[in-house]
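Take a look at the structure set out below.
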Amino acid sequence: MDAAQHLDLIYVILAAAVATFATRVGGYVLITRLKHIPPRLEAALNAVPAAVLTTLVAPAFVYGGIDVAASMLVAFAVGLRFSTLRMLVVGWAVVMAIRHGFL
Amino acid sequence: MNRGEFREGLREGFPVIVAASPFGALFGALAVENGFSIADAVLMSATVYAGASQMVGIELFGNRVQPWLIVLSIFAVNFRHVLYSASLARHVKHYTPIQKFFAFFLLVDPQYAESERRAERGLPVTFSWYLGFALVIYFLWLVTTAVGAVFGQMIGDPQAIGLDVLLPIYFLGLVLGFRRRDRFLPVVAASAVASVAAMHFVGSPWHVSIGALAGIVLAACLPNERAEGKRDPVEQEN
């Protein structure tokens with residue numbers, strides 16, 4: 001990374017910090033003003049995390065190669081019952097096994 | 001400051017760091033892999049201080065996504081904090097403005113959940129307790145970030161040791177954490193299809209905004225099955 005890119009990174013981090021703080025104080029500010037959030041807006045806001053995060057999962061699954069897809073499938077099955085930490089451990093073990101020829 | 005309550009907070013925060021530490025280290029390692037220095041990684045943990053969104057941020061930065069989109073994505077992933085701060089307002093009315101500033105800056109998922117639980121048990125959410133609980137988590141988050149970043153710099157090829165699958169799986173775990181919300185399946189299906197198509201036809205990083213928008217717009221357009229439906233505002237971050 002060159003100096004200009006690094007400066008960009010610092011700006012991005014600081015802007016992200018301000019944006020995050022805005023969310024953490026925003027609800028407090030809103031609740032003391034706003035009495036009521038329209039239901040469609042609330043539905044849209046509720047959908048934001050799953051919608052954003054899915055865009056970081058689905059393309060990796062489709063375009064990441066068979067080893068990545070296989071480990072994500074196994075991790076998905078694990079995640080229906082167990083914690084994210086266990087998903088990571090099992091998914092990692094699967095991809096390592098495939099890449100290093102144990103499977 | 002009440003020392004007893006501060007210490008009680010420290011003690012109660014300890015289990016949280018046991019669960020969060022691996023993610024702090026993972027963030028540090030992956031940040032370095034995406035071009036961050038150790039100092040950059042620690043700076044992000046110290047100022048943004050929101051694990052999942054930090055992961056999203058480094059992933060997008062590594063992909064050379066435009067800065068405004070990175071910031072917007074981090075904002076979107078952290079948007080649930082609006083609900084936390086709205087809900088926490090009842091319990092921190094008596095804080096001074098400075099105390100409120102710190103309380104909201106340190107408002108991560110377990111902090112919110114534990115504050116609500118404490119209020120539910122009839123205990124006051126004093127600033128001493130709140131700060132004790134928050135500081136132990138905050139401090140260890142910075143330490144584990146640094147440890148992961150130092151360790152990450154010693155790693156050669158991230159693919160050979162399987163580091164590259166950890167982020168998608170981590171995000172998959174986060175998605176699953178929202179599976180009890182209204183409209184979860186249609187939102188995920190719409191965002192998945194739209195992001196995969198956008199990746200193919202438009203390219204990275206637009207798959208993020210196009211895919212996300214598809215799910216969000218669909219959620220707003222779907223008929224309102226239960227207008228006063230119950231919603232659990234506490235999401236598990238890990």
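Chain A forms more heavy-atom pairs under 4.5 Å with one residue of V175(B), L26(B), L72(B), L106(B) than with any other, namely V175(B). Heavy-atom pairs under 4.5 Å with chain B peak, among F61(A), Y28(A), F21(A), Y11(A), at Y28(A). Chain A forms the most heavy-atom pairs under 4.5 Å with one residue out of L88(B), L218(B), V77(B), L43(B), and that residue is L43(B). The candidate from G215(B), A86(B), G35(B) with the greatest count of non-hydrogen atom pairs under 4.5 Å with chain A is A86(B). Of all the listed residues (G211(B), S209(B), A197(B), G162(B)), the one sharing the greatest number of non-hydrogen pairs under 4.5 Å with chain A is G162(B). Heavy-atom pairs under 4.5 Å with chain A were tallied for A192(B), S85(B), A219(B), A212(B); the largest tally goes to S85(B). Between chain A and the options T47(B), I74(B), I216(B), heavy-atom pairs under 4.5 Å are most frequent for I216(B). Ranked by heavy-atom pairs shorter than 4.5 Å toward chain B, the options V68(A), V95(A), V25(A) are led by V25(A). When each of A19(A), A51(A), A58(A), S71(A) is checked for heavy-atom pairs under 4.5 Å with chain B, A51(A) comes out on top.
In I98(B), the CD1 atom is not crowded: 12 or fewer heavy atoms of neighbouring residues, nucleotides or ligands sit closer than 6.0 Å. The local environment of CZ in F184(B) is crowded, with over 12 non-hydrogen atoms from other residues, nucleotides or ligands closer than 6.0 Å. Atom CD1 of I66(A) sits in a sparse spot, with 12 or fewer heavy atoms from other residues, nucleotides or ligands closer than 6.0 Å.
Annotation: Y130(B) is not in aromatic contact with F102(B) [ring centroid separation under 6.0 Å not met].
For L167(B), no part lies near chain A; criterion is any non-hydrogen pair under 4.5 Å. Only the side chain of R179(B) comes within contact range of chain A, with at least one heavy atom under 4.5 Å from a heavy atom of that chain. If you measure heavy-atom distances from I70(B) to chain A, the contacts under 4.5 Å come from the side chain alone. Interface residue A15(A): backbone and side-chain heavy atoms are both found under 4.5 Å from chain B. For chain A, no part of I210(B) is nearby; none of its heavy atoms comes within less than 4.5 Å. In this structure, chain A has a heavy atom under 4.5 Å from the side chain of P22(B), while its backbone stays farther away. With a 4.5 Å cut-off on non-hydrogen atoms, L80(A) touches chain B through its backbone and its side chain both. For chain A, the nearby part of L176(B) is the side chain; its heavy atoms alone come within less than 4.5 Å.
Side-chain contact check for S45(B) and T145(B): at least one donor-acceptor pair (N or O, by modelled atom type) lies under 3.5 Å. Inspection of the N78(B) and S53(B) side chains reveals an N or O donor paired with an N or O acceptor under 3.5 Å. With 3.5 Å as the limit, one finds a donor-acceptor pair spanning the side chains of S87(B) and Y112(B).
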| request: Could you please spell out the steps behind the side chain to side chain contact (heavy atoms under 4.5 Å, CB included) verdict for F171(B) and M72(A)? | output: CA-CA 10 Å; F171(B) 293 135; M72(A) 288 177 75; over 6 Å; no

| Can you list the steps and then say if V165(B) with R99(A) is a side chain to side chain contact (heavy atoms under 4.5 Å, CB included)? | CA-CA 12 Å; V165(B) 295; R99(A) 283 180 189 167; 4.2 Å; yes

| message | I'd like to know whether F82(A) forms a side chain to side chain contact (heavy atoms under 4.5 Å, CB included) with V90(A), so could you lay out the CA-CA distance, the side-chain angles of the two residues, the decisive distance to 0.1 Å, and finally the verdict. | response | CA-CA 11 Å; F82(A) 302 104; V90(A) 173; over 6 Å; no

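Taken to the nearest 0.5 Å, the CD1 atom of I38(B) stands 4.0 Å off from the CD atom of Q153(B).
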